[in-house]
Amino acid sequence: MSTPPLPTLESPRLRLRPYRQDDARAIYALYSDPVVTRYWSFPAWTRREQAADYLAARMALETPAVYAWALAEREGDRLIGTTTLFSLSGPHKRAEIGYSLLPARQGQGLATEALRTVLGHAFGPLGLERIEADVDPRNEPSWRLLEKLGFRREGLLRNRWRVDGEVCDSFLYGLLREDYAA
């Protein structure tokens, strides 16, 4: 039995689509940027091969286990970020969400637009009831974005990540379908 393909989702300015081999340069630019990876779960990349490895791993993932989208501009279809629904639990109707965006594209409402698109898909066709996110407490723009979308801070996970020798905490956020609908 084959798994369903990753759906392409569109919003006014964005296309959330499957990764392609020709995304390697753009994904390397994204994850080799220390501004992007400052609060990420891995340090900034230092070798272009890391982009190829990342793409190969993401392209091999099967839906519905993980929904890993390239976040691209609708005009030109160039990758400018990523968004992923992962740790999906069908019986519990929940998943986690992650996202990243090139610094030059931040502050333009694109992350809000992308997450609204993913949340609409998660609470709509996927039938999920809960989405979670964990965010480094120092990453104020990220947790403010989540709060703007209706996520509620539910706790602090101390010493959650060890990235490049640094121990980091996480705020845990949750969004329920009924909160999103409101």
Side-chain angles (χ1 to χ4, degrees), residues 5-61 63 66-88 95-126 131-136 138-151 161 163-164 170 173 175 180:
L6 180 73
T8 296
L9 308 176
E10 293 193 343
S11 66
R13 297 180 292 169
L14 300 171
R15 176 174 294 119
L16 284 69
R17 59 162 172 77
Y19 289 106
R20 302 184 308 233
Q21 289 297 330
D22 66 352
D23 289 328
R25 181 182 299 253
I27 202 79
Y28 182 76
L30 181 69
Y31 288 132
S32 65
D33 188 325
V35 172
V36 172
T37 60
R38 173 65 184 106
Y39 303 115
W40 206 249
S41 57
F42 55 79
W45 291 345
T46 57
R47 296 177 292 99
R48 292 199 182 275
E49 298 80 34
Q50 291 170 287
D53 294 344
Y54 179 91
L55 286 173
R58 293 304 177 275
M59 291 169 68
L61 293 172
T63 57
V66 175
Y67 290 78
W69 285 282
L71 176 56
E73 301 167 311
R74 276 186 76 168
E75 187 74 30
D77 204 31
R78 186 176 61 92
L79 184 144
I80 59 170
T82 66
T83 187
T84 306
L85 283 175
F86 60 100
S87 298
L88 272 83
E96 295 181 45
I97 195 167
Y99 46 90
S100 60
L101 191 62
L102 286 168
R105 303 311 307 267
Q106 294 175 10
Q108 300 170 24
L110 295 169
T112 302
E113 189 173 321
L115 291 186
R116 281 192 176 126
T117 302
V118 171
L119 292 171
H121 186 72
F123 291 130
L126 295 182
I131 306 293
E132 296 174 355
D134 77 88
V135 180
D136 189 304
R138 300 167 296 178
N139 191 353
E140 186 174 348
S142 186
W143 56 256
R144 287 210 183 277
L145 168 62
L146 292 171
E147 290 175 358
K148 179 169 89 172
L149 292 170
F151 282 80
W161 298 102
V163 181
D164 212 19
S170 281
Y173 278 86
L175 177 65
Y180 183 70

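Hydrogens, waters and symmetry mates play no part in the numbers below; they use all other heavy atoms, side chains included.
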Enquirer: If every non-hydrogen atom of Ala70 is compared with every non-hydrogen atom of Pro18, which pair is closest and at what distance?
Expert: CB-O, 4.2 Å

Enquirer: Return the minimal non-hydrogen interatomic distance between Gly120 and Pro125, and the atom names on each side.
Expert: O-CD, 3.7 Å

Enquirer: Return the CG to NE2 distance between Leu126 and His121, rounded to the nearest 0.5 Å.
Expert: 4.0 Å

Enquirer: Holding to salt bridge (Lys or Arg N to Asp or Glu O under 4.0 Å), I want the full list of residues that pass it with Glu73, two or more places apart in sequence or in another chain.
Expert: Arg78, Arg105

Enquirer: Can you list everything that forms a side chain to side chain donor-acceptor pair (under 3.5 Å) with Arg138? Sequence neighbours excluded, please.
Expert: Asp136, Glu166

Enquirer: With under 30° as parallel and over 60° as perpendicular, where do the rings of Phe42 and Trp45 fit, or are they tilted in between?
Expert: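 The arrangement is parallel - the two ring planes meet at less than 30°.
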
Enquirer: As a quick check of understanding, evaluate side chain to side chain contact (heavy atoms under 4.5 Å, CB included) for Arg74 and Arg15, giving each step before the final call.
Expert: CA-CA 5 Å; Arg74 276 186 76 168; Arg15 176 174 294 119; 4.1 Å; yes

Enquirer: Counting C-beta onward and ignoring hydrogens, is there a side-chain heavy-atom pair between Pro43 and Thr37 closer than 4.5 Å?
Expert: no

Enquirer: Does Glu140 have any salt bridge (Lys or Arg N to Asp or Glu O under 4.0 Å) partners at least two apart in sequence or in another chain, and if so, which?
Expert: Arg144

Enquirer: Which residues satisfy the side chain to side chain contact (heavy atoms under 4.5 Å, CB included) test with Ser11, sequence neighbours excluded?
Expert: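 With neighbours one apart ignored, the set is Leu14, Glu113, Thr117.
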
Enquirer: Not counting sequence neighbours, which residues clear ring pair (Phe, Tyr, Trp, His ring centres under 6.0 Å) with Tyr173? List them please.
Expert: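 None.
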
Enquirer: Would you name the heavy atoms of Ala111 and Leu101 that are closest together and state the gap between them?
Expert: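 Heavy atoms only, the tightest pair is N-CD2, 4.0 Å.
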
Enquirer: I would like to know whether Tyr67 and Leu88 meet side chain to side chain contact (heavy atoms under 4.5 Å, CB included); could you show each step before the answer?
Expert: CA-CA 9 Å; Tyr67 290 78; Leu88 272 83; 3.6 Å; yes

Enquirer: Between Trp69 and Leu6, does a side chain to side chain contact (heavy atoms under 4.5 Å, CB included) hold up when you go through it step by step?
Expert: CA-CA 8 Å; Trp69 285 282; Leu6 180 73; 3.6 Å; yes

Enquirer: Heavy atoms, side chains only, cut-off 4.5 Å: are Ile131 and Leu85 in contact?
Expert: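 Yes, side chains in contact.
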
Enquirer: Taking atom CH2 of Trp161 and atom CH2 of Trp40, what is their separation to the nearest 0.5 Å?
Expert: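 One finds 10.0 Å between CH2 of Trp161 and CH2 of Trp40.
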
Enquirer: Going from CG on Leu79 to CG on Leu71, what distance comes out if it is rounded to the nearest 0.5 angstrom?
Expert: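 The CG atom of Leu71 is 7.0 Å from CG of Leu79, to the nearest 0.5 Å.
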
Enquirer: Checking Thr83 side chain against Gly98 main chain: does a donor-acceptor pair fall under 3.5 Å?
Expert: yes

Enquirer: For the atom pair CG (Leu175) and CG (Leu119), what is the distance rounded to the nearest 0.5 Å?
Expert: 6.0 Å

Enquirer: Using the side chain to side chain contact (heavy atoms under 4.5 Å, CB included) rule, take Tyr99 and Leu145 through it: C-alpha gap first, then chi angles, then the decisive distance, then the call.
Expert: CA-CA 11 Å; Tyr99 46 90; Leu145 168 62; 4.0 Å; yes

Enquirer: For residues 22-33, run the donor-acceptor check on the side chains, cut-off 3.5 Å, and write out each pair with its distance to 0.1 Å, sequence neighbours left out.
Expert:
{"unit_1": "Asp22", "atom_1": "OD1", "unit_2": "Arg20", "atom_2": "NE", "d": "2.9"}
{"unit_1": "Asp23", "atom_1": "OD1", "unit_2": "Arg17", "atom_2": "NH2", "d": "2.8"}
{"unit_1": "Asp23", "atom_1": "OD2", "unit_2": "Arg17", "atom_2": "NH1", "d": "2.9"}
{"unit_1": "Asp23", "atom_1": "OD2", "unit_2": "Arg20", "atom_2": "N", "d": "2.8"}
{"unit_1": "Tyr31", "atom_1": "OH", "unit_2": "Thr82", "atom_2": "OG1", "d": "2.8"}
{"unit_1": "Tyr31", "atom_1": "OH", "unit_2": "Ser100", "atom_2": "OG", "d": "2.9"}
{"unit_1": "Ser32", "atom_1": "OG", "unit_2": "Tyr28", "atom_2": "O", "d": "2.6"}
{"unit_1": "Asp33", "atom_1": "OD1", "unit_2": "Val35", "atom_2": "N", "d": "2.8"}

